[in-house]
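Remarks on the structure that follows.
In the text below, chain A, chain B and the rest are named by the order of the sequence lines, each starting its count at 1. Given the structure is predicted, the values throughout are model-derived calculations rather than measurements.
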Protein chains: 2
Amino acid sequence: MAETMKSGSTHEPKKPGPQSNLQLVAAKAGVSVSSVSRVLNGGSASEELARKVRDAAAELGYVPHASARSMRTGRTDQITLAVADVGNPVYVQMMRTVTGIVAKAGYRLVVSSTGSDPQAQIDLVTSLNRGYADGLLMSPLRITEDLIEAMRSSRLPIVVIGTLPADVALDNVRADSATGIGLAVEHLVAQGRRRIALVNGPVDTVPGSARLAGYLAAVERFGLPTSSELQVTATAFTYRAGRKATAALLGQASPDAIIGANDLLGVAALKELAAAGARVPDDVAVVGMDDTDAAELATPSLTSVDLGSAKRAKAAAKLLIRRIAEPDAPVSRIVIPPALSVRESTGGPA
Amino acid sequence: MAETMKSGSTHEPKKPGPQSNLQLVAAKAGVSVSSVSRVLNGGSASEELARKVRDAAAELGYVPHASARSMRTGRTDQITLAVADVGNPVYVQMMRTVTGIVAKAGYRLVVSSTGSDPQAQIDLVTSLNRGYADGLLMSPLRITEDLIEAMRSSRLPIVVIGTLPADVALDNVRADSATGIGLAVEHLVAQGRRRIALVNGPVDTVPGSARLAGYLAAVERFGLPTSSELQVTATAFTYRAGRKATAALLGQASPDAIIGANDLLGVAALKELAAAGARVPDDVAVVGMDDTDAAELATPSLTSVDLGSAKRAKAAAKLLIRRIAEPDAPVSRIVIPPALSVRESTGGPA
DNA sequence: GAGGGGTTTGGGAACGTTCTTAAGAACGTT
DNA sequence: AACGTTCTTAAGAACGTTCCCAAACCCCTC
């Protein structure tokens with residue numbers, strides 16, 4: 001499985017000497033270190049000097065040393081993105097968006113996968129004080145008092161993607177799950193469904209509790225049955241957990257529609273229904289949430305509540321970049337309105 | 001959509017003063033800066049001194065400054081991972097694996113999405129010389145001479161995930177697509193399939209050319225028809241491109257099996273076949289490659305060639321970490337053997 | 001009590017950059 | 001010819017850390 005070969009057999013000069021620095025460039029150009037710095041950072045200089053410096057820098061292949069520069073300037077040109085699980089499609093979507101935006105603004109992206117453990121998130125926030133990044137984008141799955149306190153007392157700007165208690169004065173960008181679920185229920189009701197079930201994720205998480213509340217509100221608003229047999233909770237927002245939870249649901253109730261609290265749970269419901277011999281959407285309609293690629297790829301394709309994950313990520317990234325530039329700007333809270341993407345699983349177009 | 005509120009209305013002290021440093025800790029503890037550094041880095045010290053230092057550090061909430069430390073030590077505790085598209089499931093899988101390994105080894109992960117543009121990859125490699133990371137993991141989609149030259153002359157260690165020309169002396173971890181496709185073809189032949197089609201991605205990419213070569217070899221080995229109508233090329237390794245390519249394929253040939261060059265193309269084939277009214281696997285069997293989550297979530301679930309993306313990522317990360325520690329270790333090349341995950345799309349268990 | 005070995009502590013240089021301050025040059029005005 | 005103004009360049013401090021080296025101390029032995 002592993003074959004090893006000697007190095008250096010094919011070619012010769014590996015390292016182009018040690019990292020060249022301002023001093024070497026200055027020596028080569030016959031000018032002072034400060035002049036080199038000034039020229040390279042766009043300060044004023046004579047034609048003559050600028051030419052000498054640029055030639056010398058090019059010849060030596062000079063590139064500024066990141067740590068040294070950031071020690072002096074206090075900026076690192078890095079932004080950290082912290083998510084619970086880099087594998088979850090909704091975070092993938094956010095990451096894809098964020099990557100583009102921060103890169104365009106000249107930042108590198110540090111990705112941190114914290115899991116759902118609140119302590120790991122707190123550790124992350126305090127580790128920010130090491131100053132390895134200029135700001136933090138985080139989407140916490142579980143929010144505790146300690147985490148909020150840690151975020152509050154952070155020296156660096158933090159933008160939260162997700163809902164926060166009303167009295168926390170931190171920039172944040174949130175979805176409106178309640179309205180989103182309302183759209184799903186309304187759509188299902190319009191199709192004559194009445195026994196609408198919810199396959200939720202853990203209710204002690206931010207999205208889990210929001211989605212349960214939204215579901216209950218919508219079901220009540222439309223005068224639908226709210227029997228607790230129609231509500232099940234998966235142990236995580238994953239496909240596997242969703243299969244189990246849906247199986248349990250089908251064992252205890254006969255819904256004519258199922259809402260999955262995210263697309264993975266929705267797809268799990270689809271697959272579990274198929275395994276049980278139920279037809280979708282004829283017997284049971286299914287709706288997912290987040291409108292990720294997984295919804296489009298599913299068979300039948302999954303109607304999904306678009307909670308604007310890409311828009312949220314984009315807004316959050318821009319907010320963070322702005323706050324880094326203006327630390328004293330007023331706190332903003334942005335709410336991204338939801339939309340419904342109707343697909344085959346609720347009778348939409350093939 | 002955006003509601004803005006004044007900051008600082010709810011609570012008071014935001015910043016806990018400027019970042020505390022060794023000097024402040026030393027002053028508070030009544031000892032020298034060097035002693036503080038020594039104690040905090042586990043050097044020898046008296047009980048008394050150690051206690052004073054630790055108390056002072058805790059009281060001030062001291063955390064070492066990342067840039068300053070790395071300027072002095074030459075290490076950044078960061079590793080960069082460069083992939084073409086953070087959204088592609090196979091890269092997601094790699095990223096998930098890599099995240100865990102580098103975090104456990106005490107590194108932060110910088111993620112860079114280069115696209116398939118060779119120049120962007122070259123720029124990335126040269127930017128490494130800024131010294132913002134200790135090493136680079138990269139999985140290049142297209143490899144040019146210039147890119148190889150850039151990687152060769154890099155001051156920092158690079159581990160390539162993917163196939164490289166034989167004479168390039170860089171650590172790398174590769175899949176064996178040829179054998180992998182062989183497994184798929186063998187499996188299909190055993191089920192009596194003979195008109196086996198390939199829905200490939202761009203052939204000027206590393207995986208594209210490898211998979212085409214593997215397909216041709218396998219088809220020839222089993223004495224199957226090699227008509228060019230059975231080979232189509234999608235414009236990218238994406239779902240949408242796969243739908244189009246499969247539609248074209250079905251318009252020009254009547255395969256009894258389709259191999260997608262990755263899972264997205266495989267799922268696209270599934271969906272396109274369903275849209276065309278063909279039954280899977282009864283009329284046409286389908287196989288994907290990479291064995292990502294998308295294969296399991298598909299309906300019918302997709303048989304897929306496991307090219308060991310998680311194992312490759314793991315091996316590559318460990319290799320890089322080792323090379324950072326021992327820069328002069330011999331170059332290693334690791335080949336991860338493929339395996340076949342049989343699922344419903346070729347008649348496997350439901 | 002002086003000398004010597006070993007341990008513990010502190011002083012200070014160095015990493016590569018930016019930026020403030022000041023020195024020097026060029027030039028026009030009185 | 002002396003002086004002020006403006007522009008260009010250089011010197012050197014500072015960022016916070018680590019680590020080499022020397023100073024200080026302790027304890028033991030002679």
Where the side chain of B/Asn41 is defined as all heavy atoms beyond and including C-beta, which of C/dT9, D/dA11, D/dT18 is the nearest nucleotide? D/dT18
Could you check which of C/dT17, D/dT17, D/dT9 has an atom nearest any side-chain atom of B/Tyr62? D/dT17
Please determine whether any donor N or O and acceptor N or O are separated by less than 3.5 Å between the side chain of A/Ser35 and the base of D/dA10. no
Taking CD from B/Gln23 and C1' from D/dA13, how many angstroms apart are they, rounded to a whole number? 14 Å
Between atom NE2 in A/His65 and atom P in D/dT17, what is the gap in whole Å? 17 Å
Electrostatic pair B/Asp85-A/Arg96, nearest N-O below 4.0 angstrom: yes
Relative to the 5' end of DNA chain C, which residue comes earlier, A/Pro64 or B/Glu48, by the nucleotide with the nearest heavy atom? B/Glu48
Counting any heavy atom closer than 4.0 Å, what does B/Ser37 reach on the DNA or RNA strands: base, sugar-phosphate only, or nothing? base
Mind calculating the distance between CG (B/Leu22) and P (C/dG10) to the nearest angstrom? 13 Å
Over how many whole Å does the gap from B/Arg38 atom CZ to D/dC19 atom P extend? 12 Å
Picking from D/dA10, D/dT17, C/dG11, the nucleotide nearest the side-chain atoms of B/Ser32 would be C/dG11
Is the base of C/dG11 touched by the side chain of B/Ser34 through a donor-acceptor pair closer than 3.5 angstrom? yes
For B/Ser332 and B/Arg322, which heavy atoms make the closest approach, and how far apart are they? OG-NH1, 3.8 Å
Closest to side chain of B/Leu49, choosing from C/dG10, D/dT9, D/dG16: C/dG10
For a quick test of reading the model, state the closest non-hydrogen atom pair linking B/Ile143 to B/Leu164 and the distance between them. CD1-CD2, 3.5 Å
Out of D/dT17, C/dT17, C/dT8, which nucleotide sits closest to the side chain of B/Ser46? C/dT8
Would you say A/Gln23 has more than 12 foreign heavy atoms packed within less than 6.0 Å of its CD? no
Quick one: which of D/dT9, C/dG10, D/dA10 gets closest to the side chain of A/Val31? D/dA10
Could you state the atom-to-atom distance from CG of B/Leu24 to C1' of D/dG16 in whole Å? 11 Å
CG of B/Leu40 versus P of D/dT17: gap in Å, rounded? 9 Å
Charged N-O contact under 4.0 Å between A/Arg323 and A/Glu326: no
Tell me the partner of C/dG28, counting only Watson-Crick (N1-N3 plus N6-O4 or O6-N4) or G-U wobble (N1-O2 and O6-N3) with both under 3.5 Å; none if nothing fits. D/dC3
Verdict with supporting geometry, A/Ile101 and A/Lys104, side chain to side chain contact (heavy atoms under 4.5 Å, CB included): CA-CA 5 Å; A/Ile101 296 184; A/Lys104 202 169 296 169; 5.8 Å; no
Residue B/Arg69, side-chain heavy atoms: nucleotide from C/dT9, D/dT18, D/dA11 that is nearest: D/dT18
Over how many whole Å does the gap from A/Arg51 atom CZ to D/dT8 atom P extend? 17 Å
Whole angstroms only, please: what is the NZ-C1' distance between A/Lys52 and D/dT8? 12 Å
Watson-Crick or G-U counterpart of D/dA10, or none if no pair lies under 3.5 Å: C/dT21
